[in-house]
Participant: 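Right, I'll just put the structure down here and ask away after.
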Amino acid sequence: MPTTRFAPSPTGRLHLGHAYSALFAAREAGPGGRFLLRMEDIDASRCRPEFASGILEDLGWLGLAWDGEVEVQSERLGRYREALATLRGIGVLYPCFCTGKDIAREVAAIGGAPHGPAGAVYPGTCRGVGGTERERRIASGEGHVWRLDSAAAGARAGELIWEDRVLGEIAVEPAVLGDVVLARKDIGTSYHLAVTVDDADGGVDLVTRGEDLVESTHVHRLLQALLGLPVPVWHHHKLLLGPDGKRFAKRDESVALAVLRESGKTAAEVRAGLGF
Ligand code: GLU
């Protein structure tokens with residue numbers, strides 16, 4: 001039986017879209033599998049402890065129980081540093097000293113940003129900075145993030161595929177999101193790195209999440225290959241849309257579980273409305 005997970009970021013309360021995703025992951029684990037809960041709280045500027053406790057309350061109200069302790073990403077920074085060091089050691093990362101302004105200027109100079117399916121990607125300015133200059137700038141304390149050199153990483157990993165229960169077998173496109181940031185200046189990690197390491201360490205073998213994250217899976221599959229991590233199967237489910245045809249956002253109060261609860265909705269009604 002599979003091990004699945006629900007991995008909310010405590011940047012707000014849960015809404016119906018999250019409820020769907022959580023119920024989906026718990027159902028796919030089934031009675032014989034494991035359903036894990038992970039707080040993706042590395043972005044200290046946006047995450048709040050009261051949102052994390054609110055999320056636990058919302059999930060409890062929905063009738064969801066998870067296996068084991070809640071995993072908290074901000075407590076695992078050392079583990080992410082280790083993975084980052086491994087990637088640096090094999091030469092697939094480079095330090096990027098660009099500020100947001102530098103990137104905007106470069107993009108304007110080349111007549112617009114290179115685009116992937118998910119929007120503008122980093123134009124690669126710092127990829128060509130030579131080894132000696134990199135060392136000098138790092139030693140002088142210049143702020144930098146670490147980016148994945150997607151071309152070098154793709155060449156090292158060779159051809160890869162990932163398997164999705166809805167989409168079938170997909171060939172990895174290493175550059176689909178460009179040279180993504182794997183370590184931010186402030187926290188030394190990023191969504192892509194943390195999620196990949198955590199799913200592997202937790203033994204998650206069926207990653208269920210919304211289809212808005214399909215492009216990220218190319219990056220995660222590549223990182224698994226580079227880090228020698230086990231490879232799960234994915235199931236990217238449809239996103240729940242509001243009456244306006246748009247996906248819910250955390251600011252859509254009307255669909256927050258806490259608000260629905262206060263207005264007298266029962267958990268059974270919410271579950272039934274979502275098809276569970
Ligand atoms: N923390 C992410 C979110 O709230 C989900 C990450 C994932 O499922 O991989 O959108």
Side-chain angles (χ1 to χ4, degrees), residues 2-29 34-49 51-52 54-56 58-59 62 64 66 70-77 80 83 118-119 162-167 170 176-177 180-182 184 187 189-224 227 229-241 246-252 255-257:
T3 297
T4 66
R5 51 42 163 208
F6 176 56
S9 304
T11 55
R13 291 295 288 259
L14 297 186
H15 57 54
L16 285 174
H18 300 114
Y20 179 83
S21 213
L23 288 163
F24 188 92
R27 184 185 67 195
E28 295 310 309
R34 285 173 11 105
F35 169 58
L36 310 181
L37 177 61
R38 176 167 78 229
M39 287 294 163
E40 302 213 320
D41 65 341
I42 49 176
D43 188 343
S45 64
R46 294 171 61 227
C47 295
R48 305 256 178 284
F51 290 139
I55 287 174
L56 300 184
D58 293 340
L59 292 174
L62 268 182
L64 282 173
W66 49 91
V70 180
E71 186 168 67
V72 179
Q73 285 191 327
S74 59
E75 294 170 1
R76 289 174 44 80
L77 300 180
Y80 309 140
W162 54 277
E163 191 191 330
D164 186 288
R165 294 203 315 196
V166 182
L167 306 167
I170 313 241
V176 78
L177 295 179
V180 291
V181 172
L182 292 190
R184 288 170 32 167
I187 48 179
T189 185
S190 72
Y191 161 67
H192 296 298
L193 184 62
V195 95
T196 304
V197 168
D198 288 345
D199 282 340
D201 288 359
V204 174
D205 52 10
L206 175 61
V207 174
T208 67
R209 58 185 175 198
E211 63 186 2
D212 54 328
L213 290 168
V214 165
E215 278 84 19
S216 296
T217 304
H218 291 270
V219 177
H220 303 172
R221 177 67 188 88
L222 182 57
L223 291 177
Q224 285 155 5
L227 292 165
L229 300 176
V231 182
V233 169
W234 283 265
H235 185 133
H236 291 91
H237 60 69
K238 292 259 168 257
L239 294 180
L240 216 59
L241 302 177
K246 294 210 182 104
R247 50 185 290 210
F248 297 129
K250 286 217 165 108
R251 59 183 174 280
D252 294 337
V255 290
L257 297 184

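Keep in mind that the numbers below use all heavy atoms, side chains included, and drop hydrogens, waters and symmetry copies. Order of appearance sets the numbers: ligands from 1, and atoms from 1 within every ligand.
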Participant: Short question: side chain of H18, backbone of H15 - any donor-acceptor pair under 3.5 Å?
Facilitator: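 Checked: pair present.
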
Participant: Can you report which non-hydrogen protein atom sits closest to atom 10 (O) of ligand 1, along with the distance?
Facilitator: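 Going by distance alone, atom 10 (O) of ligand 1 is nearest to L213 CD1, 4.6 Å.
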
Participant: Would A7 count as a polar contact of ligand 1, with the cut-off being nitrogen or oxygen pairs under 3.5 Å?
Facilitator: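 Among all N and O atoms of A7, at least one is under 3.5 Å from an N or O of ligand 1.
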
Participant: With nothing but distance in play, are any N or O atoms of S9 less than 3.5 Å from an N or O of ligand 1?
Facilitator: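 S9 vs ligand 1: N/O contact under 3.5 Å present.
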
Participant: Please report the closest heavy-atom contact between Y20 and K238, naming both atoms and the distance.
Facilitator: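 Minimum heavy-atom separation between Y20 and K238: CE2-O, 4.1 Å.
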
Participant: Show the nearest heavy-atom pair for residues V181 and H192, with the distance to one decimal.
Facilitator: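 Minimum heavy-atom separation between V181 and H192: O-CD2, 4.3 Å.
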
Participant: In the complex you have, is atom 8 (O) of ligand 1 within reach of the protein, judged by whether a heavy-atom distance drops under 4.0 Å?
Facilitator: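 It does: a protein heavy atom is found less than 4.0 Å away from atom 8 (O) of ligand 1.
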
Participant: Would you mind running through ligand 1 and noting each atom that sits below 4.0 Å from a heavy atom of V195?
Facilitator: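 The atoms of ligand 1 under 4.0 Å from a heavy atom of V195 are 9 (O).
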
Participant: Sub-3.5 Å donor-acceptor pair from the side chain of D198 to the main-chain atoms of Q73, do we have one?
Facilitator: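 Absent.
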
Participant: Strictly by modelled atom types, are R165 and T208 linked by a side-chain donor-acceptor pair under 3.5 Å?
Facilitator: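 The answer is no; no qualifying pair exists.
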
Participant: Where the side chain of D41 meets the backbone of S74, is there a donor-acceptor pair that is under 3.5 Å apart?
Facilitator: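 It does hold such a pair.
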
Participant: So between R209, E40, R5, whose heavy atom ends up nearest atom 6 (C) of ligand 1?
Facilitator: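 Answer by nearest heavy atom: E40.
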
Participant: Is the shortest distance from a heavy atom of F6 to ligand 1 less than 4.0 Å?
Facilitator: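 No.
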
